[in-house]
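Computed from a predicted structure; not experimentally measured. Indexing begins at 1, ligand by ligand and atom by atom, following the structure's order.
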Amino acid sequence: MAKLSIRDLKVESREVLMRVDFNVPLQDGEITDDTRIAAALPSIKHLLAGGARLVLCSHLGRPKGEPDVRYSLKPAGVRLGELLKHDVSFASDCIGVGAAAKRAALGSGEVLLLENTRFHAGEKANDCEFATALAGNATAFVNDAFGTAHRAHGSTEGVTHHVEVSAMGFLIERELEFLCEKLASPERPFVVILGGAKVSDKIEVITALLEKADCLIIGGAMANTFLHAQGYSMGNSLLEGDKSGLALDILSKAEAKGVRILLPVDTRMTREFKEGAETKVTAPYSEGGEVEDGWEGIDIGDRAIEEFCSEIAAARTIVWNGPMGVFELDSFEKGTKEVAQAVADSGALTIVGGGDSVTAVKKYNLGDSMSFISTGGGASLELLEGKELPGVAALTDI
Ligand code: AMP
């Protein structure tokens with residue numbers, strides 16, 4: 001996918017519209033984590049240094065297609081100003097006469113943030129009239145919001161039809177470099193670690209990775225579904241009983257392709273889903289182990305940890321998406337924590353997919369030890385599935 005990059009744009013005195021991901025967590029109107037705003041700074045600084053008249057747009061949260069003060073981007077504009085050490089003006093609607101006037105008044109090297117695009121139903125509907133209004137008089141568009149690039153919305157796809165050129169920002173460029181280019185011919189062994197709640201959420205990514213990976217390590221509640229399908233008693237564990245056929249099908253496809261699938265050989269279980277609860281590890285399943293009635297599997301067991309970690313240590317390329325257990329509670333975190341450490345220590349090219357594995361990496365302060373941490377959960381899974389992201393596909397080809 002050869003697409004125009006922000007580096008290729010001539011922006012001096014040009015009105016440039018940039019889609020950023022300022023979907024930050026808020027509590028009582030205060031931003032509790034500004035990582036996403038900070039992540040957009042390289043692209044913003046680059047355009048301002050080039051003399052662009054820069055207009056930023058983003059969504060925040062899930063308003064219902066109409067203004068809702070709880071989801072205002074105003075605090076994000078204030079924080080951006082602090083991080084940038086530069087005035088950031090704000091338009092209280094992303095389209096309409098007020099926004100148009102503020103855009104027209106922008107000078108070279110000045111920046112304006114528009115209010116939440118999802119205050120209009122036309123954003124998610126990718127309505128042409130909305131996209132035309134959002135594009136306004138901008139002649140260039142930059143998309144730097146990877147987290148929403150898998151959605152064809154007005155501000156990610158629609159606007160590209162109403163400007164002269166559309167380019168990717170530095171953030172999207174880096175996501176594509178790691179999730180597409182580097183994984184096109186990975187150094188082997190290529191090991192993929194999948195976890196989290198549901199097999200059904202990750203079925204497409206598993207199928208796609210069976211074509212590429214040497215080994216798939218499966219943990220989390222997802223693994224319970226596979227173990228249940230193989231006939232093991234899983235007590236009260238979270239699992240998808242109706243996905244047994246699918247799980248067995250994946251196992252036989254993997255065997256046919258010579259891809260090894262490692263399931264936990266044992267499981268840590270508890271009777272009470274709370275911090276400090278008593279836990280114990282099943283005997284290995286091969287020796288008659290089971291999750292007893294009244295207990296539920298909440299993490300991989302100690303032998304599973306050992307086996308997973310030695311596989312990880314031998315890998316040259318690792319993709320990790322999804323925790324091994326309920327790592328949010330310290331009592332159930334051991335599997336996720338040790339797997340995270342093993343990935344960090346592997347010396348391999350390490351790519352952490354979005355969502356909960358990123359939260360885990362942050363919890364254990366291992367961010368600096370990973371080669372790349374993706375900023376988008378759904379979008380990174382779709383790239384791994386080999387899908388084209390609408391927000392990237394719509395950018396200008398080179
Ligand atoms: P996902 O969004 O599918 O990546 O799932 C992440 C969630 O799965 C996390 O909140 C974990 O707490 C949860 N999870 C992982 N393993 C288990 C398990 N064995 N039982 C219940 N929940 C789990």
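For E115 and S72, the side-chain atoms include at least one donor-acceptor pair closer than 3.5 Å. T375 and E175 are linked by a side-chain donor-acceptor pair at a separation below 3.5 angstrom, with hydrogens and angles left out of the test. Inspection of the R151 and T156 side chains reveals no N or O donor paired with an N or O acceptor under 3.5 Å. The closest side-chain donor-acceptor pair between T350 and S371 falls under 3.5 angstrom.
The aromatic rings of Y285 and Y232 are tilted relative to each other, their planes meeting at an angle between 30° and 60°.
Of the protein's heavy atoms, A197 N, 3.0 Å lies nearest to atom 3 (O) of ligand 1. What sits closest to atom 22 (N) of ligand 1 on the protein, heavy atoms only, is V326 CG2, 3.6 Å. Remark: minimum distance from atom 4 (O) of ligand 1 to any protein heavy atom is reached at K202 NZ, 3.3 Å. Ranking the protein heavy atoms by distance from atom 12 (O) of ligand 1 puts E328 OE1, 2.7 Å first. Among protein heavy atoms, atom 19 (N) of ligand 1 sits closest to G297 O, 3.0 Å. Of all protein heavy atoms, the one lying nearest to atom 17 (C) of ligand 1 is A221 N, 3.5 Å.
Per-atom contact check: atom 6 (C) of ligand 1 touches the protein, criterion being a heavy-atom distance below 4.0 Å.
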